[in-house]
2 protein chains.
Amino acid sequence: MTESIQRYHHGDLQATLLQAATQRLETHGIDGLSLRKLAEDLGVSRTAPYHHFKDKNALLSAIAAQGFAQWHDVAKQIFEQHEVPAAKRLRVFIKNYIGFAAANPQMYELMFGRTLWQQGAASEDLKNVAYPSFQYQVEMTRMWQQHELLPKEQDPVRLAQVTWGTLHGIARLLIDGIYADSSHIEEMCDCAAALFIQHKTDC
Amino acid sequence: MTESIQRYHHGDLQATLLQAATQRLETHGIDGLSLRKLAEDLGVSRTAPYHHFKDKNALLSAIAAQGFAQWHDVAKQIFEQHEVPAAKRLRVFIKNYIGFAAANPQMYELMFGRTLWQQGAASEDLKNVAYPSFQYQVEMTRMWQQHELLPKEQDPVRLAQVTWGTLHGIARLLIDGIYADSSHIEEMCDCAAALFIQHKTDC
DNA sequence: AAGGCTATGTTGACAGTGTCAAGATAATTA
DNA sequence: TAATTATCTTGACACTGTCAACATAGCCTT
């Protein structure tokens with residue numbers, strides 16, 4: 001039988017759903033992602049997805065989890081280039097963080113927005129993927145402190161929250177189109193780096 | 001006739017709607033704010049609000065506009081206390097910014113979140129209220145640069161975007177409950193101030 | 001191989017949403 | 001007083017997520 005013939009069982013609906021949903025997320029946004037439309041697109045009934053994801057939130061969490069894994073890979077790759085000077089790595093990290101957000105705005109919104117996190121409603125699964133990513137931020141901050149790029153006397157956790165907060169905030173302002181547009185990404189990143197980095201003559 | 005008697009015309013539905021909606025926003029969140037429920041609460045039919053607000057977005061924009069006015073007052077009051085040292089004012093400003101967000105999380109989300117701003121969908125009315133508030137941020141930044149609290153060589157606009165971004169980011173992390181909770185607000189503000197302010201011995 | 005269990009997919013239904021159209025009533029204006 | 005406008009009403013539509021009940025396919029055990 002050819003693949004075009006409609007079978008009762010889809011075969012791999014879970015993975016297909018996840019893939020289609022991820023795609024649709026970026027084009028239509030979180031609110032524009034409708035389970036029913038998604039099902040229709042895949043030629044499957046409205047409630048079929050519910051056999052693979054508890055509810056819409058579970059599907060969104062699964063998408064976000066992919067995003068976290070994806071980002072974590074990027075961060076790790078940058079951070080572990082030991083041959084590159086730490087200051088350079090910090091700058092590259094900043095640009096990649098903002099770049100990731102700007103390139104995948106809806107995914108970023110999903111990963112770090114209110115939809116999944118508001119009032120501690122995030123699922124355990126999501127937390128398990130996200131928290132290591134947060135921890136990694138602290139770890140990097142600690143290293144930058146050791147390299148005296150960031151003030152040594154500050155608590156690493158607080159400092160990570162503030163530096164990460166800065167990137168998060170810039171990303172949000174860009175994504176949401178609030179008093180910042182993507183044509184100035186480079187300059188904003190440079191400005192953020194300049195503000196962070198302890199003043200040395202060759203910065 | 002007493003006020004308890006149901007009249008065909010409400011009398012001041014526009015203002016009452018705005019007030020009730022603002023209240024309901026903080027308790028139920030943006031998505032939990034339903035025009036129908038709102039109308040029902042006010043003892044008026046489902047579609048009555050549409051004679052005073054074009055659609056849900058217009059109502060939300062009106063609420064946000066109030067928020068901007070409210071915040072602008074606070075910022076102005078802090079900024080214009082010329083007898084207070086600039087460094088102190090900067091610190092007070094930071095704490096008030098985060099404090100405002102923490103005290104009115106849903107309002108903050110509305111004012112600076114994707115709902116109203118995404119893909120440039122913000123109404124002209126909203127922009128007219130919001131942009132001066134953004135401009136004010138630049139103005140303050142410029143002053144802080146003159147006082148050498150922030151690096152003088154940076155472009156004021158970029159710097160404003162970055163410093164504001166920092167506060168925005170911290171606020172969002174707090175509000176959305178992402179790796180930060182309100183028990184550490186003070187410390188985070190202090191840490192942000194320390195990172196911003198050019199290093200002088202008495203900081 | 002037969003029978004039963006589980007995973008998966010289906011239709012029907014419900015409550016909820018924003019919003020439009022058409023008509024009713026009150027207030028204001030000419 | 002008559003006409004126009006502002007306001008409010010019911011009816012209707014399309015859309016959403018999600019539950020319950022039922023159907024089918026595939027696997028697993030006896």
Side-chain angles (χ1 to χ4, degrees), chain A residues 1-21 24-25 27-64 106 110 114-116 118 121 123, chain B residues 1-21 24-25 27-64 106 110 113-116 118 121-123:
Chain A
M1 74 178 84
T2 68
E3 298 188 33
S4 64
I5 290 188
Q6 283 215 357
R7 291 169 303 181
Y8 192 86
H9 282 74
H10 177 281
D12 197 6
L13 187 54
Q14 169 126 17
T16 312
L17 270 170
L18 197 53
Q19 189 184 336
R24 205 181 167 89
L25 168 72
T27 57
H28 292 73
I30 296 178
D31 293 332
L33 198 164
S34 147
L35 284 191
R36 295 175 95 115
K37 283 227 166 62
L38 206 60
E40 195 177 10
D41 278 6
L42 301 183
V44 96
S45 79
R46 303 153 257 148
T47 59
Y50 286 85
H51 290 273
H52 301 278
F53 299 97
K54 182 181 154 287
D55 53 21
K56 186 175 180 179
N57 232 276
L59 173 59
L60 291 175
S61 293
I63 300 175
Q106 303 291 347
L110 181 63
R114 84 185 130 99
T115 311
L116 295 179
Q118 68 186 348
S123 70
Chain B
M1 74 178 84
T2 69
E3 298 188 33
S4 63
I5 289 187
Q6 285 214 355
R7 291 169 302 184
Y8 193 86
H9 282 73
H10 178 281
D12 196 6
L13 187 53
Q14 170 128 16
T16 312
L17 269 170
L18 197 54
Q19 189 183 337
R24 205 182 167 87
L25 168 72
T27 57
H28 292 74
I30 297 177
D31 292 333
L33 198 163
S34 148
L35 284 191
R36 296 175 95 114
K37 283 229 166 64
L38 206 59
E40 195 178 9
D41 278 7
L42 300 184
V44 95
S45 79
R46 302 152 257 149
T47 60
Y50 285 86
H51 290 271
H52 302 277
F53 299 97
K54 181 182 153 287
D55 51 21
K56 186 175 180 179
N57 233 275
L59 174 57
L60 291 176
S61 292
I63 301 174
Q106 304 290 348
L110 182 63
R114 82 184 132 100
T115 311
L116 296 179
Q118 67 186 348
S123 71

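In the text below, chain A, chain B and the rest are named by the order of the sequence lines, each starting its count at 1. Keep in mind it's a predicted model, so treat the numbers as computed, not measured.
With values rounded to the nearest 0.5 angstrom, A:Leu25 atom CG is found 8.0 Å from A:Thr27 atom OG1. Interatomic distance, CD of B:Gln14 versus CG of B:Asp12, reported as 8.0 Å (0.5 Å rounding).
Side chain B:Arg46 to base D:dG11: a donor-acceptor pair is found below 3.5 Å.
Contact between A:Ala62 and A:Phe53 at its shortest, heavy atoms only, is CB-CE2, 3.8 Å. For B:Ala64 against B:Leu110, the heavy-atom pair with the smallest separation is N-CD2, 3.9 Å. Closest heavy-atom contact between B:Leu42 and B:Ala20: CD2-CB, 4.0 Å.
In this structure, the helix from C:dA1-D:dT30 to C:dA30-D:dT1 shows an angle of 0° between the axis at its start and the axis at its end, each fitted on 5 base pairs and rounded to 10°.
For B:Thr115, the side chain to side chain donor-acceptor pair (under 3.5 Å) partners two or more places apart in sequence, or in a different chain, are A:Arg114. Residues satisfying the salt bridge (Lys or Arg N to Asp or Glu O under 4.0 Å) test with A:Arg24, not counting sequence neighbours, are A:Asp41.
Within the structure, side chain to side chain donor-acceptor pair (under 3.5 Å) pairs that include any residue of residues 43-63 of chain B do not occur (at least two apart or interchain).
The nearest whole Å value for the distance from the CG atom in A:Asp31 to the C1' atom in D:dG17 is 13 Å. Look at NZ on A:Lys56: it is 8 Å from P on D:dT18, rounded to the nearest Å. Atom-to-atom, CD of B:Gln14 to P of D:dC8 comes out at 10 Å; the value is rounded to the nearest Å. In this structure, the CG atom of B:Asp12 is 14 Å from the C1' atom of D:dA6, given to the nearest Å.
Residues of residues 48-55 of chain B having a heavy atom closer than 4.0 Å to DNA chain D, listed by number: B:Ala48, B:His51, B:His52. Applying a 4.0 Å cut-off to non-hydrogen atoms, the residues of residues 33-42 of chain A that approach DNA chain D are A:Leu33, A:Ser34, A:Leu35, A:Arg36, A:Lys37, listed by residue number.
The side-chain heavy atoms of A:Leu59 and A:Leu38, taken from C-beta on, include a pair separated by under 4.5 Å.
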- Residue pair A:Leu33, A:Ile63: steps toward the side-chain contact (heavy atoms from CB on, under 4.5 Å) verdict: CA-CA 12 Å; A:Leu33 198 164; A:Ile63 300 175; 4.2 Å; yes
